[in-house]
Amino acid sequence: MRKKLQRIAAILAAFLLLSACGSGTAPVPEALPPEPLDSGLPAKEAAPVPQPEPEPEPEPEPEPDRPTQEELDAIDKILVPVVEEICQEYYVSGMSLVVFDQWGTLWQHSCGWASAEENRPADENTAYRIASISKAVTAILAVDLAGQGKLDLDGDLSEIMGVTIRNPSCPEEVITPRHLLTHTSGLVDSGAYGSGISSNPLWPLGQVAAQSFAPYPPGTCYIYSNLGMGMMSGVVEAASGERFLSYTGEKIFAPMGIDAGYSYDSIQDKSRVANIYMGTDLSVYMPNWLNMSRKYESLPVGQLYGLGHGDLFISAQDLSRFARILAGAPQEGEPVQLEPELLRQMQTVQYQEGEGESIILRGLGTQITDYLILDRRMVGHQGNAYGSICGMFVDPEEHTGFVFLTSGAFMGKDEAGIYYVNRDIGRAVYEAFFDAGMIEVVPADNSGMELVEPAVSDPGIQAEAEAKYNDANEPA
């Protein structure tokens, strides 16, 4: 019996073993690949593994296409007498001129007097009151704030400034900062504006604005307005939350490292500032303008209507940095960096009126002209106040331009609205540096010409001159 049980157990064990093998549960060793057969022929080399193409070396930045030092010296010998002859022709008392391209200053020159009373010549450090070129700089600051999302250029001016700004002829029409920047708000330089801005304290903005409208809806008519652009300084206050002088001084000029300001009081080194002359007579003796900025603090923040239209004091070299911003070639690290679309709106026509040479073309805070330099559309602004004539124009396509500031000059202008002295200076430098034509060589015996020498006048005439020759008289 025991043997029978042993045989059954052995049979069951064998059966179980066979079942396990058939079910695949037992591990099965992998088959090894067969050894290659020896054919007796030499073995072929393995094909090379393709390698990725190396990254191309970056192309070096092209060298700036600028004049060599020898070429600059040659241009200087030709251009200095040409420029000084133009200054003599237009009775320039003193001036500073800067020419630049996208890489920086190409050339600068100064001549004449900053202050005949102190026997102080104009030089590259002289600060000038640049009159209405201030409007273009104020516009750059406002557009910069718009790019930061702090200002809506198409917002309701009444809401922005905190006081009702409506044309009584069309009170339902909203007036915007864009209308101010293009001189299409309907605001005019009225008698109320003249009285309000010359008073101390200033008249309230609402009182001045209510008496300063022409009967045209906003956006329909061009009227050059110092009041309107002066209100942009209030708009800058509202957007920044600071008084205009504090904002521009602490957030703009100080980071730029320049001694500039929208008042004579704001200049640290006042010995740099030029007086202003009308013909041979002293028109503005700048030391008499001390403490004038106090009256602008009497208005609530956001309701200023002065300073931004014409009161910037700055040197030609420092102003050229704002011109380069406008030209689309700012100096690296500038505190003002304009958004490309907003910069384009400053450089291109936003409002057009008229035709021919007298056509009016306005960008945001800028004058645009096809009649300054042949075959070039130039963008910028001019200034004329108390006898000084100034110009700042750029070619946005080429990123070039010039800044020309004077302490006094002849105020005639051509049919295109360009002051003769700005036109001739601009054409001379563009002929010299940017292939806009050829410069005539001035004979050597004409190179020692002297500029008109201002008479030393009683500083007390400044008060009368200020009343007679204010920015409200400035042509567009």
Side-chain angles (χ1 to χ4, degrees), residues 132 134-135 138-139 141-143 145-146 150-248 262-263 292-311 364-365 466-467 470-474:
S132 281
S134 308
K135 294 177 172 69
T138 302
L141 303 182
V143 168
L145 288 166
K150 297 179 179 179
L151 173 63
D152 181 1
L153 295 177
D154 297 303
D156 188 335
L157 206 59
S158 298
E159 296 179 2
I160 293 170
M161 303 190 78
V163 61
T164 300
I165 307 296
R166 286 287 194 276
N167 190 327
S169 299
C170 44
E172 72 286 352
E173 296 285 344
V174 170
I175 301 172
T176 70
R178 188 180 299 275
H179 292 135
L180 297 183
L181 290 168
T182 54
H183 296 275
T184 59
S185 65
L187 287 163
V188 300
D189 294 338
S190 65
Y193 164 66
S195 297
I197 200 159
S198 60
S199 297
N200 192 2
L202 300 177
W203 289 10
L205 172 60
Q207 179 181 351
V208 171
Q211 303 176 61
S212 302
F213 276 103
Y216 302 107
T220 64
C221 183
Y222 171 83
I223 303 174
Y224 188 84
S225 175
N226 289 291
L227 168 59
M229 277 303 302
M231 287 167 61
M232 282 305 302
S233 55
V235 170
V236 169
E237 286 189 340
S240 67
E242 301 181 46
R243 289 204 177 274
F244 187 69
L245 289 177
S246 298
Y247 175 73
T248 53
Y262 277 86
S263 74
M292 286 185 65
S293 62
R294 290 183 180 178
K295 68 179 184 179
Y296 296 101
E297 298 177 356
S298 62
L299 298 174
V301 173
Q303 296 182 18
L304 186 61
Y305 57 92
L307 297 179
H309 68 296
D311 285 292
L364 291 183
E466 180 179 356
N470 58 51
D471 285 355
N473 293 324
E474 180 176 338

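We use all heavy atoms of the structure for the numbers below, so side chains are in, but hydrogens, waters and symmetry mates are not. When a residue number appears, it is its place in the shown sequence, counting from 1.
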Practice prompt. Apply side chain to side chain contact (heavy atoms under 4.5 Å, CB included) to the pair Leu364 and Leu153, showing each step before the final yes or no.
Written response: CA-CA 10 Å; Leu364 291 183; Leu153 295 177; 4.0 Å; yes
Does [Y] offer a backbone N or O that forms a donor-acceptor pair with the side chain of [X] under 3.5 Å?
{"X": "Glu237", "Y": "Phe244", "result": "yes"}
{"X": "Lys135", "Y": "His309", "result": "yes"}
{"X": "Ser195", "Y": "Ala192", "result": "no"}
{"X": "Tyr305", "Y": "Trp203", "result": "yes"}
{"X": "Asn167", "Y": "Ala214", "result": "yes"}
{"X": "Ser233", "Y": "Gly306", "result": "yes"}
{"X": "Asp189", "Y": "Leu227", "result": "yes"}
{"X": "His179", "Y": "Thr176", "result": "yes"}

Which atom of [X] lies closest to which atom of [Y], heavy atoms considered:
{"X": "Pro177", "Y": "Gly155", "answer": "CD-O, 3.4 Å"}
{"X": "Gly310", "Y": "Ser134", "answer": "C-OG, 3.3 Å"}
{"X": "Pro171", "Y": "Pro168", "answer": "CD-O, 3.5 Å"}
{"X": "Pro217", "Y": "Thr220", "answer": "O-OG1, 2.6 Å"}

Could you check whether any side-chain heavy atom of [X] comes within less than 4.5 Å of a side-chain heavy atom of [Y], counting everything from C-beta outward?
{"X": "Ile223", "Y": "Phe213", "result": "no"}
{"X": "Leu304", "Y": "Met231", "result": "no"}
{"X": "Leu245", "Y": "Leu307", "result": "yes"}
{"X": "Ser132", "Y": "Asn226", "result": "yes"}
{"X": "Val208", "Y": "Leu202", "result": "no"}
{"X": "Asp311", "Y": "Met292", "result": "no"}
{"X": "Arg178", "Y": "Thr184", "result": "no"}
{"X": "Gln303", "Y": "Pro204", "result": "no"}

Practice prompt. Evaluate side chain to side chain contact (heavy atoms under 4.5 Å, CB included) for Glu242 paired with Val301, printing each intermediate quantity in order.
Written response: CA-CA 7 Å; Glu242 301 181 46; Val301 173; over 6 Å; no
Practice prompt. Pick out which of Ser225, Ser185, Ser190 makes a side chain to side chain contact (heavy atoms under 4.5 Å, CB included) with Ser212.
Written response: Ser190
Worksheet entry | Mutual orientation of the aromatic rings belonging to Tyr222 and His183 [parallel < 30°, tilted 30-60°, perpendicular > 60°] | perpendicular
Fill in: Interatomic distance, Ile175 atom CD1 to Met161 atom CE [nearest 0.5 angstrom]
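The CD1 atom of Ile175 sits 11.0 Å away from the CE atom of Met161.
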Fill in: Gap separating the CG atom of Asp152 from the CD1 atom of Ile160, nearest 0.5 angstrom
6.5 Å
Fill in: Full working for side chain to side chain contact (heavy atoms under 4.5 Å, CB included) between Leu187 and Leu180
CA-CA 8 Å; Leu187 287 163; Leu180 297 183; 3.8 Å; yes
